[in-house]
Amino acid sequence: MMGAVIDTIRRKLEDAFAPTRLEIVDDSDRHHGHAGHTGAGESHLNLRIEAEAFAGKARVMRQRLVMKVLEDELAGPVHALSIVATAPGEG
């Protein structure tokens, strides 16, 4: 079951990039006792997104595009976000 933060992130990324693959994993439990961990979950996330929008762009630019779309979540409930952004066919 996904929470409200992950639902919002999924919707924003789908609207912005129309991904062919989108996986969001809540990794918060592995960060118990670390900065940003509140016990509520959805603070530490792993994201894998594949979209045509990333074709021809460098890894850092892809991450910046994702972070721009999620700037509200990154300023609030999400403490850490691991991003793997690829174009179709890039493995």
Side-chain angles (χ1 to χ4, degrees):
M1 183 173 150
M2 290 185 291
V5 174
I6 290 176
D7 286 342
T8 298
I9 289 172
R10 179 175 299 283
R11 180 182 46 76
K12 285 185 169 188
L13 293 174
E14 287 172 346
D15 290 348
F17 301 111
T20 52
R21 178 179 180 187
L22 179 59
E23 298 173 15
I24 306 167
V25 176
D26 186 352
D27 198 31
S28 302
D29 287 345
R30 292 188 54 225
H31 297 274
H32 181 75
H34 295 181
H37 185 272
T38 64
E42 297 187 294
S43 61
H44 294 72
L45 305 175
N46 295 326
L47 168 67
R48 179 175 293 274
I49 182 170
E50 177 183 279
E52 188 61 40
F54 301 130
K57 292 183 175 56
R59 181 178 58 88
V60 171
M61 179 54 69
R62 294 171 183 193
Q63 291 178 347
R64 286 180 182 160
L65 289 169
V66 169
M67 290 173 19
K68 178 68 176 165
V69 170
L70 302 179
E71 63 187 344
D72 290 340
E73 289 71 28
L74 292 169
V78 177
H79 175 74
L81 177 66
S82 168
I83 302 169
V84 176
T86 58
E90 287 185 348

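Along the sequence shown, residues carry numbers from 1.
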Mind checking the [atom1]-[atom2] spacing from [X] to [Y]? Nearest 0.5 Å is all I need.
X     : Y     : atom1 : atom2 : answer
Phe54 : Arg59 : CZ    : CZ    : 13.5 Å
His44 : Asn46 : NE2   : CG    : 10.0 Å
Leu47 : Ser82 : CG    : OG    : 8.0 Å
Leu22 : Glu14 : CG    : CD    : 6.0 Å
Glu23 : Leu45 : CD    : CG    : 13.5 Å
Ile6  : Asp26 : CD1   : CG    : 4.5 Å

Nearest heavy atoms of [X] and [Y], plus distance in Å:
X     : Y     : value
Ser43 : Ser28 : N-OG, 2.9 Å
Arg62 : Lys57 : NE-O, 2.8 Å
Phe17 : Ala51 : O-CB, 3.6 Å

Test side-chain hydrogen bond (donor to acceptor under 3.5 Å, both in side chains) applied to Thr20 - qualifying residues, sequence neighbours left out: Glu50
Sequence-distant partners of Lys12, side-chain hydrogen bond (donor to acceptor under 3.5 Å, both in side chains), two or more places apart: Glu73
Name every donor-acceptor pair, under 3.5 Å, that has one atom in a side chain of residues 64-71 and the other anywhere in the protein, sequence neighbours excluded.
none

Qualifying residue for side-chain contact (heavy atoms from CB on, under 4.5 Å) with Arg48, from Ile83, Val84, Val25: Val84
Pairwise side-chain contact, Ile9 with Leu81, heavy-atom cut-off 4.5 Å (strictly under): no
All pairs passing salt bridge (Lys or Arg N to Asp or Glu O under 4.0 Å) where residues 78-87 contributes a residue, at least two apart: none
Those residues that, when tested against Ala55, pass side chain to side chain contact (heavy atoms under 4.5 Å, CB included) (two or more places apart): Glu52, Ala87
